[in-house]
Amino acid sequence: MGIVIGEPMIQEIHDDGLKNKKLQLFVLRLDLLHKYISGNKWYKLKYNLEEAQKLGKMTLLTFGGAYSNHIIATAAAAKEFGFSSIGIIRGDELKEPNERLQFAIEMGMKLHYVSRELYRDKDRLMNYVTEIVDSNETYILPEGGSNQLAVKGCQEILNGINIPCDIVCCACGTGTTLAGIALSLKRDTAVIGFSSLKGGTFLEKEVQNYVGNGLHNWSIETNYHFGGYAKSTSELMDFIKGFNHQHNIELDYVYTGKMMYGVFDLASKNRFIPGSRILVIHTGGLFKE
Ligand SMILES: *Cc1c(COP(=O)(O)O)cnc(C)c1O
């Protein structure tokens, strides 16, 4: 597809605590791939964009909260590939668009704010959608961009990465990225997903739906949500600040900060076998105009 995407970069993390546990840690910097279609979102969108083109759809429509990285990425990708775009935004209390939504508007995305109640009721929400768009012309992406084609794209995240590793770690929202990685792993490698939501039991089912029952190379850590989606604590914020200071890598507090905290915490609790090589995926999420 015709998009200028940088080569993924791998950065080794040098840390005495990890060295004492005989662990090696590498970060796959997907955050550096593209300014707006950042991190895993490009992989999730890629085959959906192709499919929309194949079907001759002119418009992409998707759903998300006011801080959704998926909304930003979809708006930017739509512009880059010549689609119109529509965002259905959760919450009709917003008086002014925040800077993320402002960015989506600048990319040409038309926003519709709906009440949380309507947003939650998926049948009514779809009725609402068919009232405002021509469904023959519109390609509908689910919330978070989570579908089978997104999983297919995420199976390519580790393409061309040839540093040997035993464990891959990634942050989880819908679990789509985790599913794609699990499907793409070589034997003797496992992937751990760190849920950024409280009560991650639905996640297990989501991932299992994508990968089937026969694959056992993946697991989900549910202890690092720090109060729930987009919640944080001063401990988490201090960790993110310290990590950036020490390694010159910015993390966000919704996804990658929680995952990285989790990785260091598991390491300190001897949950990784000494000698393990860990590859952490930086899925992006840092919005800067
Ligand atoms: C969207 C997002 C995720 C979650 O990806 P899923 O495929 O929904 O699990 C993780 N990290 C960042 C930075 C994201 O923007």
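Both counts, for ligands and for their atoms, begin at 1 and track the order of listing. By convention here, the first residue in the shown sequence is residue 1.
Residue F63 holds its CZ atom at 10.5 Å from CD1 of I89, rounded to the nearest 0.5 Å.
Contact check for I181 versus T177: side-chain heavy atoms found under the 4.5 Å cut-off.
Here is the list of ligand 1 atoms found below 4.0 Å of a heavy atom in K44: 5 (O), 6 (P), 7 (O), 8 (O). Residue-ligand proximity, G284 to ligand 1, at heavy-atom distances under 4.0 Å covers atoms 13 (C). Heavy-atom contacts of G285 reach the following atoms of ligand 1: 13 (C) (cutoff under 4.0 Å). Taking every heavy atom of C172 and a limit of under 4.0 angstrom, the matching atoms of ligand 1 come to 9 (O). Within the listing of ligand 1, atoms 1 (C), 2 (C), 3 (C), 14 (C), 15 (O) sit less than 4.0 angstrom from a heavy atom of K41. Each of the following atoms of ligand 1 lies closer than 4.0 Å to a heavy atom of N69: 14 (C), 15 (O). Residue-ligand proximity, T177 to ligand 1, at heavy-atom distances under 4.0 Å covers atoms 5 (O), 6 (P), 7 (O).
When only non-hydrogen protein atoms are considered, atom 5 (O) of ligand 1 lies nearest to N40 ND2, 3.0 Å. Atom 4 (C) of ligand 1 has its closest protein heavy atom at G173 N, 3.4 Å. Scanning the protein heavy atoms around atom 11 (N) of ligand 1, the nearest turns out to be T283 OG1, 2.7 Å.
Judged by the 6.0 Å and 45° rule, R100 forms no cation-pi pair with Y67. Under a cutoff of 6.0 Å and an axis angle of 45°, K152 and Y47 form a cation-pi pair.
Between the side chains of T62 and H70, at least one donor N or O lies within less than 3.5 Å of an accepting N or O. Looking at Y210 and S146, their side chains do bring a donor and an acceptor atom within 3.5 Å of each other. A donor and an acceptor atom, one from each side chain of Q53 and Y139, are nowhere located under 3.5 Å apart. Side-chain contact check for N69 and K41: no donor-acceptor pair (N or O, by modelled atom type) lies under 3.5 Å. Defined by atom type and a distance below 3.5 Å, a donor-acceptor pair is present between the side-chain atoms of Q11 and R29.
Not close to ligand 1: G39, with no non-hydrogen atom less than 4.0 angstrom away.
Residue T189 comes nearest to C165 through the heavy atom pair OG1-O, 3.4 Å, listed as atom of the first residue, atom of the second, then distance.
Where the criterion is an N or O separation shorter than 3.5 Å, residue side chain and backbone included, Y255 fails it with respect to ligand 1. Looking at G144 next to ligand 1, no N or O pair under 3.5 Å apart turns up. At under 3.5 Å, not a single nitrogen or oxygen of D252, backbone or side chain, sits near a nitrogen or oxygen of ligand 1.
Looking at V151, L178, D31, T174, it is T174 that brings a heavy atom closest to atom 6 (P) of ligand 1.
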